[in-house]
Amino acid sequence: MADRHAQPPMPPDNNIVWHQHPVTREDRERLHRHQGAVVWFTGLSGSGKSTLAGALEQALHPLGISTYLLDGDNVRHGLCQDLGFSDEDRRENIRRVGEVARLMVDAGLVVLTAFISPHRAERRMVRDLLPEGRFIEVYVDTPLAMCEARDPKGLYKKARAGNLPHFTGIDSVYEAPQRAEVHLDGQQLVTHLTGQLLDVLRGRVIINS
């Protein structure tokens with residue numbers, strides 16, 4: 001069956017043409033010996049997204065899985081350094097990350113992302129960029145009180161003091177996933193949750209190891 005997402009939407013300039021190269025995603029996946037996919041971690045700040053994404057990558061590496069971890073803070077040092085935290089800027093942040101993730105999936109990689117990504121519409125936008133079944137939404141469901149108690153970067157303290165406007169969970173909304181592929185209890189041990197994620201990837205035949 002033809003991949004309905006193989007060619008991205010046409011840009012507004014009709015002089016720009018998508019070039020279909022002879023080496024396909026399927027060719028690259030055969031080389032990697034696993035499928036390309038995005039594992040999209042979403043949840044409040046301090047929920048454990050980055051920790052889990054890192055733990056999953058560490059578990060996948062010795063299995064011979066080609067991965068790349070896109071972290072929310074890291075992309076704002078370069079790719080998205082010009083963006084703030086308004087709703088419009090957050091949408092553009094996720095759009096750029098989604099496009100990068102799409103290219104990485106085309107390269108046959110398992111892409112792990114750790115972004116609050118508070119709005120369902122933006123997460124759906126990324127899902128729609130990818131081939132069917134290659135976007136795995138992982139909701140790290142951790143109570144706000146626990147996230148705030150952890151507060152690894154001191155952000156909740158700043159937000160409560162009024163020094164960090166538009167902070168998700170305090171004065172900006174977080175829209176929890178309604179039908180995430182994976183719903184994790186962020187209060188459980190990282191090792192246990194990582195095992196759950198590996199089982200999901202195997203069950204979806206993203207990896208065979």
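A quick note: this is a predicted structure, and the numbers were derived from the prediction, not measured.
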Between [X] and [Y], which heavy-atom pair has the shortest distance, and what is it?
X: Leu63; Y: Arg202; answer: CD1-NH2, 3.9 Å
X: Thr142; Y: Ser47; answer: OG1-O, 2.9 Å
X: Ala180; Y: Pro177; answer: CB-CB, 3.8 Å
X: Leu44; Y: Gly169; answer: CD2-CA, 4.2 Å
X: Ala53; Y: Ala114; answer: CB-CB, 4.4 Å
X: Arg150; Y: Gly46; answer: NH1-O, 2.8 Å

Who pairs with [X] by side-chain hydrogen bond (donor to acceptor under 3.5 Å, both in side chains), at least two apart in sequence or on another chain?
X: Lys153; answer: Asp73
X: Ser209; answer: none
X: Asp82; answer: Arg96

Donor-acceptor contact present, side-chain [X] to main-chain [Y], <3.5 Å:
X: Arg28; Y: Ala107; value: no
X: Asp151; Y: Leu155; value: yes
X: Arg76; Y: Leu83; value: yes

Among the clusters formed by ILVMFWY side chains lying less than 4.5 Å apart, do [X] and [Y] turn up in the same one?
X: Leu197; Y: Val190; value: yes
X: Val39; Y: Leu70; value: no
X: Leu52; Y: Ile116; value: no
X: Leu31; Y: Met104; value: no
X: Val140; Y: Leu193; value: yes

Open item on the list: Please evaluate residues His192 and Gln196 with respect to the criterion side chain to side chain donor-acceptor pair (under 3.5 Å), reporting the C-alpha separation (whole Å), side-chain torsions for both, the decisive distance (0.1 Å), and the verdict.
Closed with: CA-CA 6 Å; His192 174 71; Gln196 285 185 239; 3.1 Å; yes

- [ ] Determine, stepwise, if the pair Leu69 / Phe41 fulfils side-chain contact (heavy atoms from CB on, under 4.5 Å).
- [x] CA-CA 11 Å; Leu69 173 53; Phe41 292 85; over 6 Å; no

TODO: Check Val126, Val111, Asp71, Val75 against Val97 for a side chain to side chain contact (heavy atoms under 4.5 Å, CB included) and give me the one that passes.
DONE: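 With Val97 as partner, Val126, Val111, Asp71, Val75 yield a single side chain to side chain contact (heavy atoms under 4.5 Å, CB included), made by Val75.
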
Open item on the list: Name the residue from Val138, Val38, Ile94 that meets the side chain to side chain contact (heavy atoms under 4.5 Å, CB included) definition with Thr113.
Closed with: Val38

Task: Salt-bridge criterion met for Glu148 and Arg160 (N-O under 4.0 Å) - done: yes

Open item on the list: Whether Glu181 and Arg127 form a salt bridge (side-chain N of Lys/Arg under 4.0 Å from carboxylate O of Asp/Glu) is what I want to check.
Closed with: yes

Task: Pairs satisfying side chain to side chain donor-acceptor pair (under 3.5 Å), at least one member in residues 29-38, at least two apart - done: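 Applying side chain to side chain donor-acceptor pair (under 3.5 Å) to every pair that reaches into residues 29-38, excluding sequence neighbours, yields Arg25-Glu29, Asp27-Arg30, Glu29-Arg134, His32-Ser66, Gln35-Arg134.
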
Looking at [atom1] of [X] and [atom2] of [Y], how far apart are the two atoms once the value is rounded to the nearest 0.5 Å?
X: Leu189; Y: Thr191; atom1: CG; atom2: OG1; value: 5.0 Å
X: Thr67; Y: His61; atom1: OG1; atom2: NE2; value: 7.5 Å
X: Glu57; Y: Tyr68; atom1: CD; atom2: OH; value: 8.5 Å
X: Leu112; Y: Leu56; atom1: CG; atom2: CG; value: 5.0 Å
X: Lys49; Y: Thr42; atom1: NZ; atom2: OG1; value: 7.0 Å

Do the non-hydrogen side-chain atoms of [X] and [Y] ever get within less than 4.5 Å of each other?
X: His21; Y: Val23; result: no
X: Asn93; Y: Phe85; result: no
X: Val110; Y: Val105; result: no
X: Pro143; Y: Gln187; result: yes

- [ ] Could you walk me through whether Gln178 and Arg120 pass the side-chain contact (heavy atoms from CB on, under 4.5 Å) test, one step at a time?
- [x] CA-CA 9 Å; Gln178 295 174 316; Arg120 295 186 190 113; 3.6 Å; yes

Task: Arg90 vs Thr168, side chain to side chain donor-acceptor pair (under 3.5 Å): CA-CA, chis, key distance, verdict - done: CA-CA 11 Å; Arg90 286 182 171 189; Thr168 304; 2.7 Å; yes

Task: Which residues share a side chain to side chain contact (heavy atoms under 4.5 Å, CB included) with Arg95, sequence neighbours left out - done: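 Expected list: Glu92, Glu99, Met125.
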
Open item on the list: Within the 3.5 Å criterion, strictly below it, is a donor on Ser117 or Glu122 matched to an acceptor on the partner's side chain?
Closed with: no

Open item on the list: Using the rule given for side-chain contact (heavy atoms from CB on, under 4.5 Å), can you reason through Leu201 versus Leu60, listing the C-alpha separation, both sets of side-chain angles and the distance that settles it, and then say yes or no?
Closed with: CA-CA 10 Å; Leu201 293 178; Leu60 290 171; 4.1 Å; yes

TODO: Provide the full list of ring-ring contact (aromatic ring centres under 6.0 Å, His included) pairs with a residue in residues 150-189, sequence neighbours left out, each pair given once.
DONE: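 Listed once each, the pairs are Tyr139-His183, Tyr156-Phe167.
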
- [ ] Give the intermediate values and the outcome of side-chain contact (heavy atoms from CB on, under 4.5 Å) for residues Leu164 and Lys157.
- [x] CA-CA 9 Å; Leu164 196 60; Lys157 185 177 180 180; over 6 Å; no

